[in-house]
Amino acid sequence: MVGRSGRRLLHVLGLSFPLLSRRPLLLCPPVLMKPLVVFVLGGPGAGKGTQCARIVEEMDQTMAVNAQKNKFLIDGFPRNQDNLQGWNKTMDGKADVSFVLFFDCNNEICIERCLERGKSSGRSDDNRESLEKRIQTYLQSTKPIIDLYEEMGKVKKIDASKSVDEVFDEVVKIFDKEG
């Protein structure tokens with residue numbers, strides 16, 4: 001039985017229960033699904049940021065139609081084994097990695113894209129020397145993470161050397177297939 005003070009507490013908490021036999025009727029909240037995560041990986045200049053911006057627009061539309069189809073994009077993560085271990089330790093049982101969206105692109109194309117971007121971005125690391133170091137770091141640290149997920153059958157590989165629109169068409173096909 002809920003007394004007067006109990007009713008006030010429920011009211012303060014914003015909860016109101018129909019009273020049957022002076023006992024609250026407890027309504028169970030809907031079962032919460034674990035979030036589905038998509039890691040977005042690829043070398044510097046492969047188009048991760050460009051494509052993520054477009055994917056978010058498509059995801060907003062999809063979720064407006066069906067809230068059950070929710071995924072979270074994590075751009076450029078995990079970049080190395082330490083990131084992956086931290087993710088696994090923190091998120092184990094709390095979120096599921098749906099797949100890794102891997103933008104695969106020739107290193108020279110990536111360098112050329114970044115050099116072009118550097119003309120207007122103001123990024124100090126968009127120069128050939130920095131890019132070659134970033135690509136080596138990517139190959140040594142991030143590519144093994146992609147390979148690990150590949151072994152688990154969780155990598156969706158896209159040829160990122162194509163145009164922005166062609167790449168996005170492939171992205172849409174993957175998201176349509178994966179739900």
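Numbering starts at 1 and runs along the sequence shown. Since we're looking at a predicted model, the values are computed, not measured.
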Item to check | Residues that Arg128 engages under side-chain hydrogen bond (donor to acceptor under 3.5 Å, both in side chains), provided they are two or more places apart | outcome: Glu108, Glu112
Item to check | Glu166 side chain near Ser163 side chain, heavy-atom distance below 4.5 Å | outcome: yes
Check: residues 35-42 side-chain donor-acceptor pairs under 3.5 Å, at least two apart:
none

Checklist entry - Does the side chain of Ser161 reach to within under 4.5 Å of the side chain of Asn106, using non-hydrogen atoms? => result no
Next on the checklist: For Lys156, give me all partners under side-chain contact (heavy atoms from CB on, under 4.5 Å), at least two apart in sequence or on another chain.
Outcome noted: Phe99, Leu101, Ile174, Glu178
Checklist entry - Do Val167 and Phe103 have side chains that get closer than 4.5 Å, going by heavy atoms? => result yes
Checklist entry - Taking all non-hydrogen atoms of both residues, which atom of Tyr149 and which atom of Val155 are closest, and how far apart? => result C-CG2, 3.6 Å
Next on the checklist: Contact between Asn83 and Asn80 at the side-chain level, heavy atoms closer than 4.5 Å - yes or no?
Outcome noted: yes
Item to check | Check: Asp96 side chain, Ser98 main-chain N or O, donor-acceptor pair, under 3.5 Å | outcome: no
Next on the checklist: Rounded to the nearest 0.5 Å, what separates atom CD in Glu132 from atom CG in Asn127?
Outcome noted: 9.5 Å
Checklist entry - If we only count heavy atoms from C-beta on, is the Glu170 to Lys173 side-chain gap below 4.5 Å? => result yes
Checklist entry - Considering only heavy atoms from C-beta outward, does the side chain of Pro44 approach that of Cys110 to under 4.5 Å? => result no
Next on the checklist: Please check if the number of heavy atoms outside Lys154 that lie under 6.0 Å from its NZ is greater than 12.
Outcome noted: yes
Checklist entry - Among all residues two or more places apart in sequence or in another chain, which pass the side-chain contact (heavy atoms from CB on, under 4.5 Å) test with Gln81? => result Leu84, Gln85, Ile145
Checklist outcome for this item: Sequence neighbours excluded, the answer for side-chain contact (heavy atoms from CB on, under 4.5 Å) partners of Gln140 is Gln136
Next on the checklist: In the structure I gave you, are the side-chain heavy atoms of Trp87 and Ile74 within less than 4.5 Å of one another anywhere?
Outcome noted: yes
Item to check | Straight-line distance of Tyr138 OH to Leu131 CG, nearest 0.5 Å | outcome: 14.0 Å
Next on the checklist: Do the side chains of Glu58 and Arg54 get close enough for a salt bridge, i.e. N-O under 4.0 angstrom?
Outcome noted: no
Item to check | Smallest separation among heavy atoms of Cys105 and Arg113, with atom names | outcome: SG-NH1, 3.9 Å
Checklist entry - Would you call Lys157-Asp104 a salt bridge at under 4.0 Å N-O? => result yes
Item to check | side-chain contact (heavy atoms from CB on, under 4.5 Å) partners of Asn107, counting only residues at least two apart | outcome: Ile135, Leu139
Checklist outcome for this item: Nearest heavy-atom contact between Arg134 and Arg117 is NH2-NH2, 3.9 Å
Item to check | Shared hydrophobic cluster for Met91 and Phe77 (ILVMFWY, side-chain gaps under 4.5 Å) | outcome: yes
